[in-house]
Amino acid sequence: MIIDKRYEPKEVEGEIYDFWLKNSYFKGKIVKGKKPFVVVIPPPNVTGSLHMGHALNNTLQDILVRQNRMKGVPTLWVPGTDHAGIATQNVVEKQLAKEGKNRHELGRAEFVKKVWEWVDEYGDIIIKQLKKLGCSCDWSRQRFTLDEDYSAAVQKAFEHYYKKGWIYQGERVINWCVRCQTALSDIELEHKEVEGSLWFVRYPLKLKTKNEKLKTKYITVATTRPETMLGDTAVAVNPTDKRYKNVVGKILILPLMGREIPVVAFDAVDKEFGTGAVKVTPAHDPNDFEIGKIHNLAKIKVIDELGKMTKEAGKYAGQKTQQARENILQDLQQKGLLLKTQKYVHQVPHCYRCGKIVEQLVSKQWFVNMQQLAQPAIEAVKNGKIKFEPKRWEKVYLDWMENLKDWCISRQIWWGHRLPVWQLKVKIKNEKLKIYVGGNPPKGYTQIDDVLDTWFSSALWPIAVFLKKNSSSEKLKSQNAKLKRVLDIFGEDLITDDLEYFYPTTVLSTARDILYLWVARMIFSGLEFMKEVPFTTVYIHPTVLNAEGKRMSKSLGTGLDPIELIEKYGADATRFGLAFQTTGTQDLRFSENKIVASRNFANKIWNASRFVMMQIANSKLQLKSQKGLKPNSPADRVILEQLNQTIYLVNQNLDKFRFGQAAEQLFQFFWHQFCDIYLEQSKKQLEGKKLRGNTQQILVFTLVNSLKLLHPFMPFVTEAVWQNLKKTVSLEPALISSCWPHSAEATRGKPKASSKN
RNA sequence: GCGCGUGUAGCUCAGAGGUUAGAGCGUGCGGUUCACAUCCGUAAGGUCCCUGGUUCGAAUCCAGGCACGCGCACCA
């Protein structure tokens, strides 16, 4: 026998993968009149390396893709990477810091060049890792969100929104990361519990005359951020609060600054919290900003973009916020205005990229008005055009969509798509700044510095991956009326037949934490630009937790490198082990045991196949179809029935994204029903001449179909066996493109009900 | 605060209104000529979180509670 008695993944995986590549099995082809099965990969960050979540998600996608490919459906899985604005910029900045430099010394052009160099050198790591995992992506279609054509599409999308009047520049209190030096959208924050304090500060009421005697001399406010009080321009109380009934409209003297500020009424003030009176800092709190709008309050910015006190902060100017806080508290204490201090645990926003505390400050940024975009995206889910799996995520999605705020899309970093916004160099006095939006600005205009939120471009992923001039697909030939609109938006140059054929995609499989950041935005973008949903099913895979039930994360040191698992146990074992643990309802508390068990299973498949091959060597066996099989013994009949049930159950479970149950069924069937029972039985049957021929037939038949069913889960070992088996039995040239078992008996043959009729 | 999820063998998890509740790993015992020791056979191991309700029958459905995890939120 040619093959070894132990399955050695390392010896076959590379070779098998090359074999698939060489024969273009992963290529997506347009087959007119046939509805394709299309998946776009959630593009990993170029800075990333494969973590367990990627390994899981891409295993599951590959299972679906391979199954559909075998079913004979035109199948395409588009791979690619995301430029990941802030994340990538941070990586390169860190590298620069090691050399004692910063990006400002380099200048914008030089810095961006450096990032591109970094991307060229390291950006492909994760792609190579996906290949190791066995992902059957169409690599000829690999995309990067900063590809030339992709960028063109991003620009067109911006222009489109702008023309509609949905993009505007506005002054708001935004989240500002002092470390990354950029604005962040609300969902780019991570709220972490921080043990802080609640300080109670007295704001004296202004006396009408020097000697006026007041019943109440102070209003006490509670704050977690005393340094912002320097920017206070009011104190707000609930209009129904009896305690403050008589002070609304009165004037207070802001301590330390001496500024006169009014007491105003505002519904949203919680009477129960603190003292029921809240200091109002319109420049540093979004709610206060709203109060300020209503009461026409000044916005006094006391903290700047570097996290230091501005000159508006009087004697505290130039101090870092923390330092200013301490000084202010000391000064208040001295003046007897600090009533008390309470320990207070609260949620503080941190930057999702660098982990530093985020400042809130007033700033001029670009926004997308969400009003008209949200509604169709809500409808599409409500009317079932997009289904969530598991279904409960639908509610999570809808809750967010129904409470959408405008999307802050400008970032003050350098790595990304620059806004196609230009302004006239010379600012004429008393005249609004002249702005041009688009690709060819008139003379004298310069482009503004901001770049777009990374998620603005990834929102276009299911569209933009099919927009490419020099793609394998040619420019649009068909004059499909449906695409007229898209042509108008993106222009002739970008539209290809691919877009017409492969959009909308079928399944989007992703992690729950980017449901808002990415999935929701793809949905409304798809509906806006294509007037059609970008995918019909959103599958949310379980989160991979470690043994302690903590989320696996590299930064937390709770990660586990899937590549190490592949090295140790093989890609098949890693994949099967992950799929096995994907049960649909629960998060996945990762256990290496399951990978070990799967490694053993791969070996079992290998050896059972070896046994079958030994039995049929030199037998010149002509493989019969199921109809041609003649089960002679009870064991024959049982194994064929069990195979049919397995085909049925695997299909059922995969249709419902029940990967674990499908894997379990295959494991049970192959190991216990086929190997433990039938293979043992066959040894007796093979002895006598009477049963020998049919037993051989059934052995091969069962093995061949098992390999097919197992292939999406364990592509390497099954293909390796197939290639060997092919030498003695006439089979399709490759398992990957062979025909998925779907005999009439199997599709109809539910697990047999004991009483028919 | 609101919402979501989970609780079943030592561990990780399936299952689900109806005999005796299952798997993998782990554990005990026995087994190496004859595909595989990454193996085979066999055994032990469960108050299905608690309380109440519906039912002929509940681990399963309902209500309440407890525990853990997660998401959202403008309690300053």
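First the proteins, then the strands, lettered A, B, ... as listed; each starts at 1.
Looking at which nucleotide of RNA chain B each of A/Gln347 and A/Leu545 is closest to, the 5′-most match is held by A/Leu545.
Nearest nucleotide to the side chain of A/Arg6, out of B/rG24, B/rU6, B/rU38: B/rU38. When distances are taken from the side chain of A/Tyr344 to each of B/rC25, B/rC40, B/rC75, the shortest belongs to B/rC75. The side chain of A/Asn603 has B/rC36 as its nearest neighbour among B/rA14, B/rC36, B/rA76. When each of B/rG41, B/rA35, B/rC39 is scored by its nearest atom to the side-chain atoms of A/Glu680, the top-ranked nucleotide is B/rA35. Taking only side-chain atoms of A/Lys395, from C-beta outward, the nucleotide of B/rA76, B/rC4, B/rC74 with the closest atom is B/rC4. Closest to the side chain of A/Ala597, out of B/rG24, B/rC40, B/rC13, is B/rG24.
More than 12 heavy atoms of other shown residues, nucleotides or ligands fall within 6.0 angstrom of atom NZ in A/Lys726.
Contact annotation: side chain of A/Lys604 to base of B/rC36, donor-acceptor pair present below 3.5 Å. Checked by distance alone, A/Arg599 brings a side-chain donor or acceptor within 3.5 Å of a matching partner on the base of B/rU38.
The base-pairing partner of B/rG52, taking Watson-Crick or G-U wobble contacts with both distances under 3.5 Å, is B/rC62.
Look at the C1' atom in both B/rG10 and B/rG45: the space between them is 9 Å, to the nearest Å. Comparing B/rA35 with B/rA21, their P atoms sit 37 Å apart, to the nearest whole Å. B/rA58 and B/rU47 have their C1' atoms separated by 14 Å, with the value rounded to a whole Å.
Residue A/Lys279 forms a side-chain contact (heavy atoms from CB on, under 4.5 Å) with just one option from A/Val201, A/Ile261, A/Thr223, A/Asp285, and that option is A/Thr223.
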Evaluate A/Tyr678 against A/Thr702 for side-chain contact (heavy atoms from CB on, under 4.5 Å), listing each step before the verdict. CA-CA 10 Å; A/Tyr678 190 74; A/Thr702 309; 5.5 Å; no
Using residues 652-660 of chain A as the side-chain source, report each donor-acceptor pair under 3.5 Å to any protein atom, sequence neighbours left out, with the distance given to one decimal.
{"unit_1": "A/Asn653", "atom_1": "OD1", "unit_2": "A/Arg658", "atom_2": "NE", "d": "3.0"}
{"unit_1": "A/Asn653", "atom_1": "ND2", "unit_2": "A/Leu649", "atom_2": "O", "d": "3.1"}

